[in-house]
Amino acid sequence: SQQGEEDPQALSIQEGENATMNCSYKTSINNLQWYRQNSGRGLVHLILIRSNEREKHSGRLRVTLDTSKKSSSLLITASRAADTASYFCATDRFRGGADGLTFGKGTHLIIQP
Amino acid sequence: NAGVMQNPRHLVRRRGQEARLRCSPMKGHSHVYWYRQLPEEGLKFMVYLQKENIIDESGMPKERFSAEFPKEGPSILRIQQVVRGDSAAYFCASSPGAVAAGNEQYFGPGTRLTVT
């Protein structure tokens, strides 16, 4: 079953606006990470938030985590055309020795100039 | 410090042939992970390896797929007798420690496999 589910699937906004993407997951986690993927490229790590943290900032990025609701949000402020990409949340798979990440299907973000 | 290297970047194989995908982790990283991405999908975990050991291969198909991470040299993902459904982007990632402990995974650029 899909551990991370991003919402919305696609988002198109004007340059300068803020973009908010949400992620829900099903099982308990140690941490949650957000990644960006430009079309046809590899993934770039954006931010990691641990299960005992509620909010984290990095430049124009703000991530929140609500473990009671099993959800996270990624906010990109003052969006730029270069932010156009797919954004994925990923949760750790650590159970019984397993490791690695479980990804959602992603939110495709388009920033219109 | 070079990032995670994958080669080839693009690979075309006919049905029934073998595909070998290589991944060189970042220097000092002993944890390697392989993921598969279908078009318009997120990445799906396949296998987790440490030097010379497969730790978790629960995401890998039972047949035709195998992975190794030898003491010397890159990690190899091998797909025997490829079928059209194997067409996908295969990403390798490495980390200095377990993801669950809060270590960041560094991803390679991926190998795009096309089966004709």
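Every chain is numbered from 1 and lettered A, B, ... according to where its sequence line falls, protein lines coming before strand lines. Below, each value reflects all heavy atoms present in this structure, side chains not excepted, and no hydrogens, waters or symmetry copies. Fair warning: this is a prediction, and the values are worked out from it, not measured in the lab.
Note that the CZ atom of B:F91 and the CD atom of A:Q37 stand 5.0 Å from one another [nearest 0.5 Å]. Note that CG of B:N103 is 11.5 Å distant from CG of A:D92, once rounded to the nearest 0.5 Å.
Residues A:L65 and A:I76 fall within the same hydrophobic cluster, defined by Ile, Leu, Val, Met, Phe, Trp and Tyr side chains chained together at heavy-atom separations under 4.5 Å. Residues A:L74 and A:I13 share a single hydrophobic cluster, defined by chaining ILVMFWY side chains whose heavy atoms lie under 4.5 Å apart. Under the 4.5 Å side-chain heavy-atom criterion for grouping Ile, Leu, Val, Met, Phe, Trp and Tyr, B:W34 is not connected to A:L101 through any hydrophobic cluster. A single hydrophobic cluster is seen to contain both B:I54 and B:M60, as judged by linkage of ILVMFWY side chains at heavy-atom distances under 4.5 Å, directly or through other members.
Counting heavy atoms of neighbouring residues, nucleotides and ligands inside a 6.0 Å radius, atom CZ of A:R80 does not exceed 12 of them. Other residues, nucleotides and ligands contribute more than 12 heavy atoms inside 6.0 Å of the CD atom of A:Q14. Annotation: A:Q9, atom CD; neighbour count of heavy atoms from other residues, nucleotides and ligands within 6.0 Å does not exceed 12.
Contact count versus chain A (heavy atoms, under 4.5 Å) is highest, among B:A93, B:G108, B:G110, B:G102, for B:G102. With chain A as the partner, the residue from B:L43, B:V4, B:V47 showing the most heavy-atom pairs under 4.5 Å is B:L43.
Contacts of B:A101 with chain A are made by backbone atoms alone, with heavy-atom separations under 4.5 Å and no side-chain atom involved. Contact of B:Q37 with chain A is made through the side chain alone, with heavy-atom distances under 4.5 Å.
Contact check for B:V99 versus A:Q33: side-chain heavy atoms found under the 4.5 Å cut-off. Side-chain atoms of A:L48 and B:E104, non-hydrogen and from C-beta on, never get closer than 4.5 Å to each other.
Considering every non-hydrogen atom in both A:R41 and B:R112, the closest pair reads N-NH2, 3.6 Å.
Checked against the 6.0 Å centroid threshold, B:Y35 and A:F103 count as a close aromatic pair.
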